Trainee: 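Handing you a structure now.
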Amino acid sequence: MTLLRSRIQRWIGLLGVYFTAQSLTQLAGILAGILVVRHLPVGEFALYTLASSVTALLAIASDLGSTSSLLHFYRGAEARGERFADYVGAVLDLRRTAFAIGSVMLLVAAPFVGAARGFGRGESFAAASIVLVTVWCQIGSSIRLVLIRLAARYGAAYRAELAGGLFRLGAIALLVAISRLSSLAALAVGALAAVLVFAFADSPAAHPKRGDRAAARKSVGRYLLPTLPSALYFALQGPLTIWLAATFGNTRSIAEVGALGRLALVVGMLSGLSGAVLVPRLAGIADPRAFAVSFLRYGALLGAMAGSLLLSAALVPDLFLAILGPHYRGLEREFLLLIAAASLSMLGAFVANVNLSRGWTRLQAAALAGEVSVQAVLIATVPLATTAGVIWFQLGSAAAGITFQLAIFLVGFRRPEWAAWN
């Protein structure tokens, strides 16, 4: 009984601190996003939405699972008596190389793509430049935050994220107050917020000494190899709905999908709980039975939270949509679908990250083939010229994603040798 009480108190403390810090951080992000939605004209917000989607793509494409691999190598390096710092350096090298390649492609393509969607080439190039600054800082800060959390310094991680969120909210509010808010100004504020998080998340472990990292690079490459196709696929999923709206719809469709996505950021708080607390704790559990019990508990916790959000979206959609302002009225059904899609995506990401942390990567290529097949069917059958059609596509994709990841989890748990890449 004493042990149970101790565990309950520990988790109340962990969740209390997390939700206090993350509630403030996420609330700041949501409020800043709402200010941008309400005060930018539809055309300006469409450019902001496209640039934000490219930021997400480049950040994920420069990662491809390498940052989360540190959770896997942290446990393995400690058991084998290896230098964990070599793995940190190897991941940094890989991410910076991928970023350099993506930067060249973005700067070359941005003016032409922007012009095709009705934006000026100059402002498209400026937006791309701001995106690169933002992503460069996000690369460093994401690795730093993982290292801080692995050291159980959750407070330092929360303070860094909170500083960035509050700065962004304050700066956007100031721009609104002085009537100087524009798409480029909002993007620049996001870049400065990323710089602030990068600075606050600094730690000695984030500066590994130069040494022979060849073995670490080889190990990280071997770990990533079977997941590269699925990682590239995942990198496209975040901005895919925006691009579908841009391809099959019009500027208003881009703005509506982007605006509704701002309301779905509340689900991001649950995703943050998964990455910041739940998956790192699962990564350190060696006993299979204890691992399975904890996985089910954490999944049930996330599912219950997502269910409450979905119920709220079904009961009082007008209350949420009123936040977006008069430009986005009448999107009740689309909002409910988006919350459902975001919830499934959040749960699927939790399962996928658990699979990666356990090294169950062999079947990821098969899962990718299944998900691509489902999306091909959706593209052929769903009316993507409408906002609702784009969100139906997102919901179907999320359902397929969590289904395949759960299948990999079950195989990995029962037959690890079938799921692990040797």
Side-chain angles (χ1 to χ4, degrees), residues 63-82 84 87 90-91 146 150 215-216 218-235 237 271 273-275 277-303 306 343-376 396-422:
D63 184 8
L64 299 179
S66 59
T67 301
S68 61
S69 75
L70 292 174
L71 298 173
H72 172 74
F73 288 113
Y74 178 74
R75 183 164 51 94
E78 188 177 73
R80 294 188 297 268
E82 298 174 340
F84 179 61
Y87 290 100
V91 170
V146 166
L150 283 173
K218 186 176 180 180
S219 295
V220 173
R222 187 183 300 115
Y223 174 89
L224 294 177
L225 182 60
T227 63
L228 278 179
S230 58
L232 287 168
Y233 168 82
F234 178 72
Q237 296 312 294
S271 299
L273 172 64
S274 171
V277 179
L278 303 184
V279 175
R281 292 184 71 85
L282 281 171
I285 300 177
D287 180 68
R289 186 178 183 280
F291 166 75
V293 171
S294 295
F295 173 82
L296 292 175
R297 286 175 179 169
Y298 297 168
L301 173 66
L302 293 174
S343 298
L344 283 180
S345 295
M346 178 270 298
L347 291 170
F350 165 68
V351 181
N353 286 330
V354 170
N355 290 338
L356 293 176
S357 71
R358 307 302 285 191
W360 297 337
T361 58
R362 175 179 286 181
L363 301 177
Q364 289 293 338
L368 170 62
E371 292 179 45
V372 169
S373 299
V374 171
Q375 288 194 327
S397 300
I402 189 173
T403 300
F404 287 115
Q405 290 302 322
L406 281 172
I408 291 176
F409 177 86
L410 291 174
V411 173
F413 183 73
R414 290 189 167 274
R415 292 289 187 272
E417 67 276 10
W418 293 359
W421 182 270
N422 296 320

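Here the structure is a predicted model, which means the values were calculated and not measured. In what follows, every heavy atom counts, from backbone to side chain, and hydrogens, waters and symmetry copies are set aside.
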Trainee: Identify the two heavy atoms, one from G303 and one from L347, that lie closest to each other, and give their separation to 0.1 Å.
Mentor: N-CD2, 3.9 Å
Trainee: So F291 and V354, do their side chains get closer than 4.5 Å, heavy atoms only?
Mentor: yes
Trainee: Of all the heavy-atom pairs spanning S397 and Q375, show the shortest one and how long it is.
Mentor: OG-NE2, 2.8 Å
Trainee: Between F409 and F295, is the side-chain contact (heavy atoms from CB on, under 4.5 Å) condition met? List the steps.
Mentor: CA-CA 10 Å; F409 177 86; F295 173 82; 3.4 Å; yes
Trainee: What are the two closest non-hydrogen atoms of L344 and A398, and how far apart are they?
Mentor: CB-CB, 3.7 Å
Trainee: Minimum heavy-atom separation for L302 and F350, please, with both atom names.
Mentor: CD1-CG, 3.7 Å
Trainee: From N353 CG over to Q405 CD, what is the distance, rounded to the nearest 0.5 angstrom?
Mentor: 9.0 Å
Trainee: Considering non-hydrogen atoms only, spot the tightest contact between V220 and A90 and give its length.
Mentor: CG2-CB, 4.3 Å
Trainee: Output the distance between atom CG (L356) and atom OG1 (T67), rounded to the nearest 0.5 Å.
Mentor: 12.0 Å
Trainee: After noting the C-alpha distance and the side-chain angles of Q364 and L368, does the key distance pass the side-chain contact (heavy atoms from CB on, under 4.5 Å) rule?
Mentor: CA-CA 6 Å; Q364 289 293 338; L368 170 62; over 6 Å; no
Trainee: How far apart are the closest heavy atoms of V91 and S66, and which atoms are they?
Mentor: CG2-O, 3.5 Å
